[in-house]
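Along the sequence shown, residues carry numbers from 1.
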Amino acid sequence: MKKELSLIKIGFISKLNGFKGELVLATNEDNFFEEDFLFIMMDGIAVPFFVENIFEKGGNVIVRFEDVDDEQKALQFVKHEVFIDQKKKEVIASHISIQDLNGYRIIDTAFGDLGPIIRIEEYPQQEIAVCIFNEKEVMVPLNPDFIESIDDIQKSILVSLPDGLIDVYLQ
């Protein structure tokens with residue numbers, strides 16, 4: 001299944017911040033600090049890079065990507081535009097309350113039907129849907145990055161969970 005992205009430009013990488021791979025993101029936005037990855041436009045292609053850290057320092061937004069830990073690696077990002085995938089955020093935001101999802105079936109692209117949501121637990125970082133799969137409680141993060149779609153008619157949520165997450169419950 002090919003995911004359709006809805007990219008929104010949030011700025012560009014203006015320069016390095018030191019010599020350990022940190023970059024300065026020139027932006028007027030503030031809706032991306034919880035992103036797991038940002039898209040960098042490289043040779044006309046939006047390439048996702050996993051975010052290790054995003055923070056403000058001295059009036060600048062500093063970004064550090066996973067596996068970018070020196071000046072040489074970081075230089076490839078300077079002057080490139082930065083985007084986020086807004087579509088996934090809108091899927092979750094379209095529901096007035098996350099609690100409205102109780103009873104919806106979670107369907108993973110790899111494992112299939114994980115069962116109905118029996119409850120939703122709220123944590124500071126995110127909400128977790130709890131389902132019964134193979135007679136065990138399975139905790140599924142309701143992270144917008146994992147949600148492919150929400151079908152209100154079928155009362156189902158299609159997710160693409162990270163490799164290994166469900167394997168923990170199969171042992």
Heavy-atom check, side chain of [X] versus side chain of [Y], under 4.5 Å:
{"X": "S156", "Y": "Y104", "value": "no"}
{"X": "M41", "Y": "K9", "value": "no"}
{"X": "F146", "Y": "P141", "value": "yes"}
{"X": "F19", "Y": "D70", "value": "no"}
{"X": "L75", "Y": "L16", "value": "yes"}
{"X": "V130", "Y": "I120", "value": "no"}
{"X": "L101", "Y": "I157", "value": "yes"}
{"X": "S160", "Y": "I147", "value": "no"}

Least distance between heavy atoms, [X] atom then [Y] atom:
{"X": "V63", "Y": "L38", "value": "CG1-CD1, 4.2 Å"}
{"X": "G115", "Y": "C131", "value": "O-SG, 3.7 Å"}
{"X": "G11", "Y": "L25", "value": "C-CD1, 4.2 Å"}
{"X": "L7", "Y": "A46", "value": "CD1-CB, 3.4 Å"}
{"X": "V78", "Y": "S14", "value": "CG1-O, 3.7 Å"}
{"X": "K79", "Y": "F12", "value": "CA-CD1, 4.5 Å"}

Decide if atom [atom1] of [X] counts as having more than 12 heavy atoms of other residues, nucleotides or ligands within a radius under 6.0 Å.
{"X": "D163", "atom1": "CG", "value": "no"}
{"X": "N28", "atom1": "CG", "value": "no"}
{"X": "F33", "atom1": "CZ", "value": "yes"}

Honestly curious: do [X] and [Y] fall in one hydrophobic cluster under the side-chain, below-4.5 Å linking rule?
{"X": "M139", "Y": "V159", "result": "yes"}
{"X": "V24", "Y": "I54", "result": "no"}
{"X": "I128", "Y": "L165", "result": "yes"}

| Between M42 and F77, is a side chain to side chain contact (heavy atoms under 4.5 Å, CB included) present by the stated rule, with each step listed? | CA-CA 8 Å; M42 300 225 168; F77 298 99; 3.6 Å; yes
Between the main-chain N or O of [Y] and the side-chain N or O of [X], is there a donor-acceptor pair closer than 3.5 Å?
{"X": "D151", "Y": "I153", "answer": "yes"}
{"X": "H80", "Y": "I40", "answer": "no"}
{"X": "D108", "Y": "A110", "answer": "yes"}
{"X": "N17", "Y": "L23", "answer": "no"}

Pairwise distance [atom1]([X]) to [atom2]([Y]) - rounded to 0.5 angstrom:
{"X": "E122", "Y": "L142", "atom1": "CD", "atom2": "CG", "result": "10.0 Å"}
{"X": "D67", "Y": "E52", "atom1": "CG", "atom2": "CD", "result": "8.0 Å"}
{"X": "E35", "Y": "I84", "atom1": "CD", "atom2": "CD1", "result": "5.0 Å"}
{"X": "I117", "Y": "E127", "atom1": "CD1", "atom2": "CD", "result": "11.0 Å"}
{"X": "E81", "Y": "I10", "atom1": "CD", "atom2": "CD1", "result": "11.0 Å"}
{"X": "Q76", "Y": "I13", "atom1": "CD", "atom2": "CD1", "result": "11.0 Å"}

| query | Hey, what's the ring geometry for F37 with F50, parallel, tilted or perpendicular (30° and 60° as the breaks)? | reply |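 Ring orientation, 0 to 90° scale: perpendicular.
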Check [Y] with [X], please: is the shortest side-chain N to carboxylate O separation under 4.0 Å?
{"X": "R105", "Y": "D113", "result": "yes"}
{"X": "D69", "Y": "K73", "result": "yes"}
{"X": "R119", "Y": "E137", "result": "yes"}

Self-check item: Intermediate values then yes/no, side chain to side chain contact (heavy atoms under 4.5 Å, CB included), L161 and I166
Solution: CA-CA 8 Å; L161 298 173; I166 299 301; 3.7 Å; yes
Checklist entry - Please walk me through it: do V82 and F32 pass side chain to side chain contact (heavy atoms under 4.5 Å, CB included)? => result CA-CA 11 Å; V82 179; F32 59 88; over 6 Å; no
Determine whether F49 and F65 satisfy the following criterion, ring-ring contact (aromatic ring centres under 6.0 Å, His included), listing intermediate values before the conclusion.
CA-CA 6 Å; F49 289 92; F65 294 116; 5.7 Å; yes
* Working for side chain to side chain contact (heavy atoms under 4.5 Å, CB included), residues D36 and N143 -> CA-CA 10 Å; D36 291 327; N143 183 321; 3.3 Å; yes
